[in-house]
Amino acid sequence: MKKGVTINGFVCKPSNNVTANDFFFDGLKNPGQIISPLGSVVTPANVLNITGLNTLGVSLARVDFAPGGVNQPHTHPRATEIIFVLEGELEVGFITTANVLISKTIMVGEVFTFPKGLVHFQINNGAGNAAILAALNSQLPGTQAIAVTLFAASPPVPDNVLAKAFQIGTMEVDNIKSGLASKY
């Protein structure tokens, strides 16, 4: 149980107990270990590992990609995201509320923005590794990966709902669910 005054669900330290470590994190300086079957890894720098970010409305993440790796279609319900390419090149895109894909290939030193709440993705179509630094205007932006949200929810979304929505059979729904369940 959390003790003391909380803001946004996080305990606020008394000002005489704050240290530099409350505002420090070194977890983005090195590439993350890519073990995901998606070929990417996200390393967040948010209020969960930088307590001093509470109420400041900002966070970062580093995303590392193997060749062919994807940061799967997802949304951030509480933040707009802007990315900066550190290494490699990526195909990036988002889908508007009119179901229009806005996409572009971006390279080292270039920037791309994803509006708050819209489904977006990045994929490394290059031959080498790629990496981005993502800035988000929320201390805890939240992430909803579309496939995982729909096919690996607990309790599960009913098969007939997914089959109807995706115009596929329940056997395909079960195959997708079983493939995701073993990975998430």
Side-chain angles (χ1 to χ4, degrees), residues 8 34 36-47 53 56-126 130-181 183-184:
N8 298 326
I34 301 170
S36 160
L38 298 174
S40 68
V41 62
V42 177
T43 306
N46 57 40
V47 71
L53 285 178
L56 298 185
V58 66
S59 61
L60 288 173
R62 178 183 175 129
V63 187
D64 293 285
F65 301 83
V70 65
N71 190 2
Q72 66 183 311
H74 64 281
T75 67
H76 301 292
R78 297 183 294 272
T80 293
E81 176 179 359
I82 185 168
I83 63 172
F84 175 81
V85 182
L86 299 168
E87 175 185 6
E89 67 177 61
L90 298 161
E91 179 74 20
V92 300
F94 65 89
I95 297 93
T96 70
T97 56
N99 290 327
V100 175
L101 173 63
I102 306 293
S103 68
K104 184 165 183 63
T105 298
I106 59 174
M107 299 178 198
V108 173
E110 295 180 336
V111 171
F112 196 84
T113 302
F114 305 105
K116 179 180 180 176
L118 294 184
V119 175
H120 60 282
F121 64 90
Q122 303 99 33
I123 186 165
N124 180 3
N125 290 329
I132 59 172
L133 186 62
L136 301 109
N137 65 337
S138 172
Q139 68 178 16
L140 196 58
T143 301
Q144 252 191 322
I146 305 306
V148 174
T149 296
L150 292 172
F151 290 94
S154 180
V157 175
D159 287 1
N160 62 334
V161 170
L162 295 171
K164 187 89 165 176
F166 287 95
Q167 298 294 291
I168 59 177
T170 55
M171 182 180 256
E172 288 88 352
V173 170
D174 288 340
N175 287 338
I176 294 168
K177 282 183 173 183
S178 67
L180 287 174
K183 295 173 178 72
Y184 295 97

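Here the structure is a predicted model, which means the values were calculated and not measured.
- Under the 4.5 Å side-chain criterion, counting only non-hydrogen atoms from C-beta, Thr75 is in contact with Gln144.
- Using a 4.5 Å heavy-atom cutoff, the side chains of Pro141 and Ser59 are in contact.
- Between Gln72 and His74 the shortest heavy-atom distance is O-ND1, 2.7 Å.
- In this structure, Ile102 and Thr96 approach most closely via the heavy-atom pair CG1-CG2, 3.8 Å.
- Taking the side chain as every heavy atom from C-beta outward, Leu118 and Thr97 approach each other to under 4.5 Å.
- Closest of all the heavy-atom pairs between Glu81 and Gln122 is OE2-NE2, 4.3 Å.
- Closest of all the heavy-atom pairs between Thr105 and Glu110 is O-OE1, 4.2 Å.
- Sorted pairs that involve residues 86-109 and meet ring pair (Phe, Tyr, Trp, His ring centres under 6.0 Å), not counting sequence neighbours, are lacking altogether.
- Contact of the Ile146 side chain with the Phe121 side chain is not registered, since no non-hydrogen atoms from C-beta on lie closer than 4.5 Å.
- Under the rule for a side chain to side chain contact (heavy atoms under 4.5 Å, CB included), the partners of Ile123 that lie at least two apart in sequence or sit in another chain are Val70, Glu91, Asn125.
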Result block: side-chain N/O donor-acceptor pairs under 3.5 angstrom for residues 61-69, not counting sequence neighbours:
from	atom 1	to	atom 2	distance (Å)
Arg62	NE	Asp64	OD1	3.0
Arg62	NE	Asp64	OD2	3.0
Arg62	NH1	Leu28	O	3.0
Arg62	NH2	Asp64	OD1	3.1
Asp64	OD2	Gly32	N	2.8

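- Residue Ser178 comes nearest to Asn175 through the heavy atom pair OG-O, 3.0 Å, listed as atom of the first residue, atom of the second, then distance.
- The line from CD1 of Ile95 to OG of Ser103 is 9.0 Å long, rounded to the nearest 0.5 Å.
- For the atom pair CG of Asn71 and CD1 of Ile132, the computed distance is 6.5 Å after rounding to the nearest 0.5 Å.
- Leu56 CG to Asn137 CG: the interatomic distance, rounded to the nearest 0.5 Å, is 13.0 Å.
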Cut-off 3.5 Å, no hydrogens considered: what does the side-chain donor-acceptor table look like for residues 147-172, sequence neighbours left out?
from	atom 1	to	atom 2	distance (Å)
Thr149	OG1	Ala145	O	2.7
Asp159	OD1	Lys177	NZ	2.6
Gln167	NE2	Lys164	O	2.5
Glu172	OE1	Gly169	N	3.0

message: Assess the residue pair Thr143 and Val42 against the criterion (side chain to side chain contact (heavy atoms under 4.5 Å, CB included)); give the C-alpha distance rounded to whole Å, side-chain angles, the decisive distance to 0.1 Å, and a yes or no.
response: CA-CA 11 Å; Thr143 301; Val42 177; over 6 Å; no

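- Listed by chain and number, the residues in a side chain to side chain contact (heavy atoms under 4.5 Å, CB included) with Ile82 are Val111, Thr113, Ala135 (sequence neighbours excluded).
- Applying the ring pair (Phe, Tyr, Trp, His ring centres under 6.0 Å) criterion to Phe112, with sequence neighbours excluded, gives Phe114.
- Within the 3.5 Å criterion, the main-chain N or O of Gly142 finds a donor-acceptor partner in the side chain of His76.
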